[in-house]
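Here is the structure we will look at.
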Amino acid sequence: MQSVDLSGLKQLDDDLEAIFNELPRKRRELHEKIADVIKSEVDIQITNSGLNDSSGKVKGWQDSYVGSGGGYAAIRATDKSTGANSPGAITNYLENGHKIRQPSGNYRKYRPRIKKAYVDGYHFYKTARGNVESKAIEAAEEFVQEITEKMEG
């Protein structure tokens, strides 16, 4: 008599269940790894941008963040303080540039030495974003390969 054996399906179901239970932890590990890669690339770009950060102050302001559910990785300035002179504001000024204050014009002998209205930014985040994409893809491929190996047994 012919029959259908379902014992293999039960084993497959158990294996998939184990993988899905482990997946959130693995995803967080992946994003922590990507955050470390991004942080190192941002530090390299701060150095290469021409910004005088010999004390490491600007690099020290940059922190890596991973989402509470482990779903994303980001690098941003620390949120220790707020305001116009906070690490986030200064990082923004350095990244994007800022307007130069115009003279009051009250002194008749004043001759401006500044010939432009805006200070150019260093764009270290923008450069790092372009360079880190391939490294992030490589880390994601390793993650997929690891999950595939677990599924295959």
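At least one donor-acceptor pair under 3.5 Å links the side chain of K115 to the backbone N or O of P112. In this structure, R76 contributes its side chain and Y65 its backbone to no donor-acceptor pair below 3.5 Å. Judged purely by atom type and a 3.5 angstrom limit, D53 uses its side chain to pair as donor or acceptor with the backbone of K59. Checked by atom type and distance alone, the side chain of N21 pairs as donor or acceptor with a backbone atom of E17 at under 3.5 Å. K39 places no side-chain N or O within 3.5 Å of a backbone atom of I75 that could act as its donor or acceptor partner. The main-chain N or O of G70 is found under 3.5 Å from a side-chain atom of H31 such that the two form a donor-acceptor pair.
L30 approaches A139 most closely through the heavy-atom pair CD1-O, 3.5 Å. When all heavy atoms of A84 and A89 are compared, the pair lying nearest together is O-CB, 3.5 Å.
Note on E32 versus R28: salt bridge recorded, some NZ/NE/NH1/NH2 to OD/OE distance being below 4.0 Å. The residues K33 and E142 are annotated as salt-bridged, a charged nitrogen and a carboxylate oxygen being separated by less than 4.0 angstrom.
The closest side-chain heavy-atom distance from T91 to W61 is below 4.5 Å. Contact annotation: the side chain of L23 approaches that of F143 to within less than 4.5 Å [non-hydrogen atoms, C-beta and beyond]. Between E41 and V37 the shortest side-chain heavy-atom distance does not fall below 4.5 Å. Between L51 and V58 the shortest side-chain heavy-atom distance falls below 4.5 Å. Inter-residue side-chain proximity for H123 and Q45 is flagged as unmet; no heavy-atom pair is nearer than 4.5 Å. In this structure the side chain of S54 reaches within 4.5 angstrom of the side chain of N52, judged on heavy atoms. Looking at heavy atoms from C-beta onward, N96 lies out of side-chain contact with Y125 at the 4.5 angstrom threshold.
F20 CZ: 12 or fewer foreign heavy atoms inside a 6.0 Å radius. Around atom OH of Y107, no more than 12 heavy atoms belonging to other residues, nucleotides or ligands sit under 6.0 Å away. A 6.0 Å sphere centred on CZ of R25 holds more than 12 heavy atoms belonging to other residues, nucleotides or ligands.
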Worked verdict on F124 versus L94 for side-chain contact (heavy atoms from CB on, under 4.5 Å): CA-CA 9 Å; F124 44 86; L94 292 171; 4.0 Å; yes
Go through it in stages, so that I can follow the logic: the residues are E22 and K150, the test is salt bridge (charged side-chain N to carboxylate O under 4.0 Å, His left out), and I'd like the CA-CA distance, side-chain angles, deciding distance and then a yes or no. CA-CA 11 Å; E22 191 177 331; K150 285 192 180 266; 3.4 Å; yes
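By the criterion of side-chain heavy atoms lying less than 4.5 angstrom apart, applied directly or through intervening Ile, Leu, Val, Met, Phe, Trp or Tyr residues, I44 is not grouped with V132; the two fall into different hydrophobic clusters. Two different hydrophobic clusters hold Y72 and V144 under the rule that ILVMFWY side chains link at heavy-atom gaps under 4.5 Å.
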